[in-house]
J.: 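This is the structure, below, for whatever I ask next.
Quantities reported herein were computed from a predicted structural model and do not represent experimental measurements.
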Amino acid sequence: MTSTDPLCPPAAFDTHAHVFTRGLRLAHERRYSPDYDATVDAYLSLLDVHGLAAGVLVQPSFLGTDNSHLLDALGKAPDRLRGVAVVDPGTPGEELDRLVTAGVCGIRLNLIDRPVPPLGEPLWQRLARELAARALHLEVQAQQRQWAELEPWLLRWPGAVVVDHLGLPAAASLSHPGAAALSRLLAAPHVWVKAAAPYRSAPGAATAMLRRLLGTGGAERMLWGSDWPWTRHEQDRVYGTTLTWLTAELGPAETRRILCTNPARLLGWTPAAAAGGG
């Protein structure tokens, strides 16, 4: 396919993708080790094919806090790419400044198969203030009862919070443990949500959550991400269908808001490609 995707309005963002290659140093504690390459050049080609102006590269969990490959990737297309890094809570402000200069726009907290950290303790509260001072959002991947643990701290988080993958709902009824806490979080004015990766949730649950949010004004702070290259869910996955899953539920105004206006507003950035910069 060589033509742009008609579903994408100009200045559209993909806010969730990963890049990596075999041979990178992997984190000691990891759930997955890829046996293939997902290069930044391949990703940029996908953006071009589908008419997307910009992408956000998210540090994969199996690379831990070594963000060097992420930063190298951002440096290859600084006019089109931003990043979400993973850091220790004690990371000094100077290092956060370096990440921002390199194109990092957020910090990820991936809690799958991990305990919820003590976000109320001084170390985490200091990090919260440091992130907010630099307009770095906190991106959280969690599920079920973890949202109830996270809720009191994320509601008071001083900067923007982004919920990954619609909160990974565990049932299409949306009545699973932690669902009420997740709903309260998603109603908070500083909390955003990524409509992405429905295959990571229970069957039908992501679509049910998407429809609920769209019906209650959730499009105001909703983003879309392809989740490319769909780690651990690669089989028979096609980039375009990750987009049509969302746009099938949207009208033109909501499509533009979620793909264009919202990410530009959260990131405070309009990519050069959106203005015809290539």
J.: Indicate the atoms forming the closest heavy-atom contact of Leu119 with Gln125, along with that distance.
T.: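 Where Leu119 meets Gln125 most closely, the heavy atoms are O-NE2, 2.7 Å.
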J.: For Tyr199, is the NZ or CZ atom of Arg237 found under 6.0 angstrom from the centre of its six-membered ring and inside 45 degrees of the ring axis?
T.: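 Yes.
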J.: Counting distance only, does the side-chain N/O of His137 pair as donor-acceptor with the main-chain N or O of Cys105 below 3.5 Å?
T.: yes
J.: Which value, rounded to the nearest 0.5 Å, describes the distance between Leu44 atom CG and Thr39 atom OG1?
T.: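 If we round to the nearest 0.5 Å, Leu44:CG and Thr39:OG1 are 8.5 Å apart.
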J.: Salt bridge check, Asp227 against Lys194: does any charged N sit closer than 4.0 Å to a carboxylate O?
T.: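 Looking at Lys194 and Asp227, the cut-off is not met.
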J.: So, do Leu185 and Trp147 sit near enough that their side-chain heavy atoms are less than 4.5 Å apart?
T.: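 They are in contact (side-chain heavy atoms under 4.5 Å apart), so the answer is yes.
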J.: So Leu168 and Ile112, side-chain contact (heavy atoms from CB on, under 4.5 Å) or not? Walk me through it.
T.: CA-CA 10 Å; Leu168 297 174; Ile112 304 304; 3.6 Å; yes
J.: Kindly determine whether Ser201 and Met209 satisfy side-chain contact (heavy atoms from CB on, under 4.5 Å), including the steps that lead there.
T.: CA-CA 10 Å; Ser201 297; Met209 176 64 85; over 6 Å; no
J.: Checking the side chain of Asp37 only, and the main-chain atoms of Arg22 only, is there a donor and an acceptor separated by less than 3.5 Å?
T.: yes
J.: What distance separates Leu243 CG from Ser226 OG, expressed to the nearest 0.5 Å?
T.: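 OG of Ser226 is found 9.0 Å from CG of Leu243.
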J.: Apply the test side-chain contact (heavy atoms from CB on, under 4.5 Å) to residues Thr242 and Trp230: give CA-CA distance (whole Å), side-chain angles for both, the deciding distance (0.1 Å), then the verdict.
T.: CA-CA 10 Å; Thr242 67; Trp230 319 297; 3.6 Å; yes
J.: Keeping the roles fixed (side chain from Gln146, backbone from Val116), state whether a donor-acceptor pair exists under 3.5 Å.
T.: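 Between the backbone of Val116 and the side chain of Gln146 there is no qualifying donor-acceptor contact (under 3.5 Å).
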J.: Would a 4.5 Å heavy-atom cut-off, applied to side chains only, mark Val163 and Leu154 as touching?
T.: no
J.: Closest approach of Ala171 and His176, non-hydrogen atoms and distance?
T.: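 Reported closest heavy-atom pair: N-CD2, 3.7 Å.
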J.: Report the distance from atom NE2 of His69 to atom CG of Leu74, rounding to the nearest 0.5 Å.
T.: 10.0 Å
J.: Between the side chains of Asp66 and Ser68, is a donor N or O closer than 3.5 angstrom to an acceptor N or O?
T.: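 A donor-acceptor contact under 3.5 Å links the two side chains.
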J.: What's the spacing between Leu70 CG and Gln59 CD if we round to 0.5 Å?
T.: 5.5 Å
J.: Apply side-chain contact (heavy atoms from CB on, under 4.5 Å) to the pair Leu81 and Tyr43, showing each step before the final yes or no.
T.: CA-CA 10 Å; Leu81 298 176; Tyr43 178 63; 3.9 Å; yes
J.: Between Trp228 and Tyr239, is a ring-ring contact (aromatic ring centres under 6.0 Å, His included) present by the stated rule, with each step listed?
T.: CA-CA 7 Å; Trp228 185 83; Tyr239 190 97; 7.6 Å; no
J.: Which of these passes side-chain hydrogen bond (donor to acceptor under 3.5 Å, both in side chains) with Asp164: Arg108, Gln143, Arg200?
T.: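 With Asp164 as partner, Arg108, Gln143, Arg200 yield a single side-chain hydrogen bond (donor to acceptor under 3.5 Å, both in side chains), made by Arg108.
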J.: Any donor-acceptor pair under 3.5 Å linking the side-chain atoms of Trp245 with those of Thr207?
T.: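 Indeed, the side chains of Thr207 and Trp245 share at least one donor-acceptor pair under 3.5 Å.
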J.: Check whether NZ of the Lys or CZ of the Arg Arg156 lies under 6.0 Å from the centre of the six-membered ring of Trp153 and within 45 degrees of that ring's axis.
T.: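 Judged by the rule (NZ or CZ under 6.0 Å from the ring centre, within 45° of its axis), Arg156 counts as positioned above Trp153.
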J.: Please tell me if the side chains of Leu138 and Leu127 come closer than 4.5 Å, counting only heavy atoms from C-beta onward.
T.: no
J.: Under a 4.0 Å threshold between the charged nitrogen and the carboxylate oxygen, would Arg134 count as salt-bridged to Glu130?
T.: yes
J.: Within this structure, what is the CG-CG distance for the pair Leu99 and Leu71, rounded to the nearest 0.5 Å?
T.: 6.0 Å
J.: Minimum heavy-atom separation for Ala170 and Gln144, please, with both atom names.
T.: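 Ala170 and Gln144 have their closest heavy atoms at CB-CD, 3.6 Å.
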J.: Is the shortest heavy-atom distance from the side chain of Ile107 to the side chain of Val86 under 4.5 Å?
T.: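 When only atoms from C-beta onward are counted, Val86 and Ile107 do not touch, as no gap falls below 4.5 Å.
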J.: Flag the pair Arg80 and Asp48 as a salt bridge only when some basic side-chain nitrogen lies within less than 4.0 angstrom of an acidic carboxylate oxygen.
T.: yes
J.: If I take atom CG from residue Leu186 and atom CG from residue Leu166, how far apart are they, to the nearest 0.5 angstrom?
T.: 8.0 Å
J.: Which heavy-atom pair separates Leu174 from Pro169 by the least distance, and what is that distance?
T.: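 Residues Leu174 and Pro169, closest heavy atoms: CD2-CB, 3.9 Å.
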J.: Going hydrophobic residue to hydrophobic residue with side-chain gaps under 4.5 angstrom, can you get from Leu246 over to Val238?
T.: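 Not linked; separate clusters.
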J.: Within the supplied structure, the quantity of interest is the number of heavy atoms (other residues, nucleotides, ligands) at a distance under 6.0 Å from Arg126 CZ; does it exceed 12?
T.: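 Enclosed.
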J.: Taking the side chain as everything from C-beta on, heavy atoms only, tell me whether Leu109 gets closer than 4.5 Å to Gln141.
T.: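 Answer no - side chains too far apart.
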J.: Report yes if some heavy atom in the side chain of Glu254 is under 4.5 Å from a heavy atom in the side chain of Glu249; otherwise report no.
T.: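 Glu254 vs Glu249: side chains apart.
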J.: Answer whether the closest heavy-atom distance between the side chains of Thr21 and Pro34 falls below 4.5 Å.
T.: no
J.: Going by the rule ring-ring contact (aromatic ring centres under 6.0 Å, His included), which residues pair with His16 if we only count those two or more places apart in sequence or in a different chain?
T.: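 For His16, the residues satisfying ring-ring contact (aromatic ring centres under 6.0 Å, His included) (neighbours in sequence not counted) are His18, His165.
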J.: Which heavy-atom pair separates Gly225 from Asp14 by the least distance, and what is that distance?
T.: CA-OD1, 3.3 Å
J.: Which ILVMFWY residues can you reach from Val56 by hopping between side chains whose heavy atoms are under 4.5 Å apart?
T.: Phe13, Val58, Val84, Val162, Trp192, Leu223, Leu266, Leu267, Trp269
J.: Check whether any side-chain heavy atom of Leu150 lies under 4.5 Å from a side-chain heavy atom of Trp157, and answer yes or no.
T.: no
J.: Which pair of non-hydrogen atoms, one from Pro10 and one from Arg256, has the smallest distance, and what is that distance?
T.: CD-NH2, 3.7 Å
